[in-house]
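Working notes, beginning with the structure itself.
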Amino acid sequence: MHNDAGKNGVPVAENFRIEAVPLPEKITDGQVQTRTLYLSVDPYMRCRMNEDTGSDYLLPWQLSEVADGGGIGVVEDSKHANFAKGDIVTSFNWPWQTKVILDGRLLQKLDPQLVDGHLSYFLGAAGITGLTSFLGIKEKGHVSLGANQTMVVSGAAGACGSLAGQIGRLEGCSRVVGICGTDEKCSILVSEMGFDAAINYKKGNVAEQLHELCPAGVDVYFDNVGGDISDAVINQMNQNSHIILCGQISQYNKDVPYPPPLPPAVEEIQKARNITRERFLVLNYMEKQEASILQLCQWIKEGKLKVKETVVKGLENIGGAFQSMMTGGNTGKQIVLISE
């Protein structure tokens with residue numbers, strides 16, 4: 001990372017710079033040398049640009065040090081018993097480099113057959129993004145078949161949101177409405193992702209459109225954004241309904257506690273209607289990871305879960321990809337293809 005975006009600034013490509021450095025000639029016991037295939041760019045990374053990430057499980061990126069995040073690579077050389085040349089591996093803390101030497105203990109081996117060879121899915125729908133959507137709905141959404149529930153998803157065209165709406169439907173919601181920022185995204189949600197309707201929050205009155213599109217109120221709210229949009233949704237939530245707190249993207253560039261407090265009038269509604277709003281952290285449910293990934297992969301193979309990706313090529317373009325994602329410039333998961 002090159003320079004600080006400040007606590008409250010929107011990140012731009014110029015916050016990053018690229019350098020050429022030699023790798024050590026030999027790897028030591030327990031290490032694995034890999035060639036990077038894909039890197040993931042995610043909204044939570046904005047928090048890592050602050051000295052205080054606001055979270056006890058995220059370490060800040062250091063100025064003039066290599067940034068890192070979710071990544072996938074192929075093993076070129078191994079001195080770790082669990083990995084051999086040609087294995088496909090992943091880590092949450094993959095350095096933003098074309099080639100990298102990693103401690104084998106930080107790596108997980110992947111089975112390409114699970115995703116029919118579409119490896120980048122392991123960073124999205126069949127990885128931490130899919131797990132966040134799936135386990136968020138399972139653990140905090142209280143969705144049940146036949147209960148005629150209405151789900152609303154904000155940030156619905158993003159990586160988590162586009163999966164969450166589909167998973168809500170697969171788990172039993174009878175109506176799914178998305179909120180996003182362009183007419184094109186609204187159209188994709190309805191025509192490709194199976195949402196019943198979508199609202200462009202930049203056009204018209206969100207509260208009025210919600211009232212019209214959710215005549216029976218809202219039972220489950222998958223909240224990716226926080227802020228004014230969430231206030232409008234909470235206003236229309238039913239008694240004993242549930243908020244799944246995924247991200248709070250409208251708050252990421254601001255120095256506020258997580259989850260951010262609600263305005264007093266909205267908090268009053270939340271309490272009066274007994275609406276649950278608990279922080280959801282996917283890392284607390286890792287014992288359910290394996291079974292959940294298998295379910296996600298099965299849905300993908302059966303065509304029940306549609307995956308949207310925005311793919312940018314080249315490590316030199318990763319800063320621009322980050323900027324584009326944080327300003328709502330793309331649909332689905334943001335992936336950077338490093339090598340094929």
Side-chain angles (χ1 to χ4, degrees), residues 37-44 69-73 87-92 94 107-145 149 151 153-173 176 178 188-189 192-195 220-224 242 244-247 280-311 325 330-335 337:
L37 299 175
Y38 295 99
L39 293 172
S40 174
V41 183
D42 301 282
Y44 80 84
I72 289 172
D87 283 350
I88 304 295
V89 291
T90 188
S91 169
F92 287 136
W94 197 285
L107 294 173
Q108 255 183 309
K109 194 167 160 180
L110 296 172
D111 176 4
Q113 287 183 310
L114 279 178
V115 289
D116 289 338
H118 208 304
L119 297 177
S120 58
Y121 285 4
F122 283 123
L123 293 176
I128 199 76
T129 315
L131 283 174
T132 301
S133 304
F134 180 67
L135 289 170
I137 289 166
K138 287 287 242 189
E139 301 296 326
K140 302 289 185 187
H142 304 273
V143 173
S144 45
L145 265 172
Q149 289 160 300
M151 174 189 264
V153 182
S154 57
C160 267
S162 59
L163 297 172
Q166 297 178 79
I167 292 167
R169 164 85 75 225
L170 289 164
E171 286 293 302
C173 285
V176 178
I188 288 168
L189 290 177
E192 296 179 33
M193 305 283 180
F195 283 64
V220 185
Y221 173 37
F222 197 97
D223 183 5
N224 279 302
H242 305 282
I244 303 160
L245 269 182
C246 178
F280 171 71
L281 191 55
V282 72
L283 299 177
N284 291 342
Y285 299 91
M286 279 297 132
E287 78 283 358
K288 298 183 178 182
Q289 176 183 3
E290 207 169 323
S292 302
I293 293 284
L294 288 174
Q295 175 64 83
L296 290 161
C297 288
Q298 189 182 331
W299 280 337
I300 294 167
K301 280 190 174 183
E302 291 170 354
K304 291 178 180 173
L305 192 59
K306 305 280 195 310
V307 183
K308 262 295 195 213
E309 291 181 319
T310 300
V311 180
M325 177 202 55
N330 46 31
T331 303
K333 178 76 185 177
Q334 177 71 65
I335 298 284
L337 169 65

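Note: hydrogens, waters and symmetry copies are ignored here, and every other heavy atom, side chains too, is used. Not measured: the values here are computed from a predicted model.
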Original post:
In terms of heavy-atom contacts, does CD of Gln113 have more than 12 from other residues, nucleotides or ligands at under 6.0 Å?
Top reply: no
Just verifying a value: how many Å separate [X] [atom1] and [Y] [atom2], rounded to the nearest 0.5 Å?
| X | Y | atom1 | atom2 | value |
| --- | --- | --- | --- | --- |
| Tyr121 | Tyr38 | OH | OH | 10.0 Å |
| Phe122 | Ser40 | CZ | OG | 14.0 Å |
| Ile335 | Ile72 | CD1 | CD1 | 7.0 Å |
| Ser154 | Tyr221 | OG | OH | 3.0 Å |
| Ile137 | Gln166 | CD1 | CD | 10.0 Å |
| Leu107 | Asp87 | CG | CG | 10.0 Å |

Could you list the residues that satisfy side chain to side chain contact (heavy atoms under 4.5 Å, CB included) with [X], not counting sequence neighbours?
| X | result |
| --- | --- |
| Ala157 | Cys180, Lys185, Thr331 |
| Gln108 | Thr90, Gln289 |
| Lys301 | Asp116 |

Subject >> side-chain hydrogen bond (donor to acceptor under 3.5 Å, both in side chains) partners of residues 124-134, not counting sequence neighbours, each pair once >> reply: Thr129-Lys333
Taking all non-hydrogen atoms of both residues into account, name the closest pair between [X] and [Y] and its distance.
| X | Y | value |
| --- | --- | --- |
| Met151 | Ala164 | SD-O, 3.8 Å |
| Gln149 | Val143 | OE1-CA, 3.4 Å |
| Phe222 | Cys160 | CE2-CB, 4.3 Å |
| Ile128 | Met286 | CD1-CE, 4.0 Å |
| Cys297 | Val115 | SG-CG1, 4.1 Å |
| Gly130 | Ile167 | O-CD1, 4.4 Å |

Original post:
Are any of the side-chain heavy atoms of Leu114 and Ile300 separated by less than 4.5 Å?
Top reply: no
**OP:** Report yes if the side chains of Leu37 and Ile88 come closer than 4.5 Å at any heavy-atom pair, otherwise no.
**Re:** yes
**OP:** Can you label the angle between the Phe134 ring and the Trp299 ring as parallel, tilted or perpendicular, going by 30° and 60°?
**Re:** perpendicular
**OP:** Check salt bridge (charged side-chain N to carboxylate O under 4.0 Å, His left out) between Glu171 and all other residues, then give those that pass, not counting sequence neighbours.
**Re:** Lys138
Original post:
In terms of side-chain heavy atoms, does Ser144 have a donor or acceptor partner in His142 at a distance below 3.5 Å?
Top reply: no
Original post:
According to the salt bridge (Lys or Arg N to Asp or Glu O under 4.0 Å) rule, which pairs have a member within residues 280-299, sequence neighbours left out?
Top reply: Glu139-Lys288
**OP:** Report the C-alpha distance between Leu110 and Leu119 in whole Å, list the side-chain angles of each, state the deciding distance to 0.1 Å, and finish with yes or no for side-chain contact (heavy atoms from CB on, under 4.5 Å).
**Re:** CA-CA 9 Å; Leu110 296 172; Leu119 297 177; 5.6 Å; no
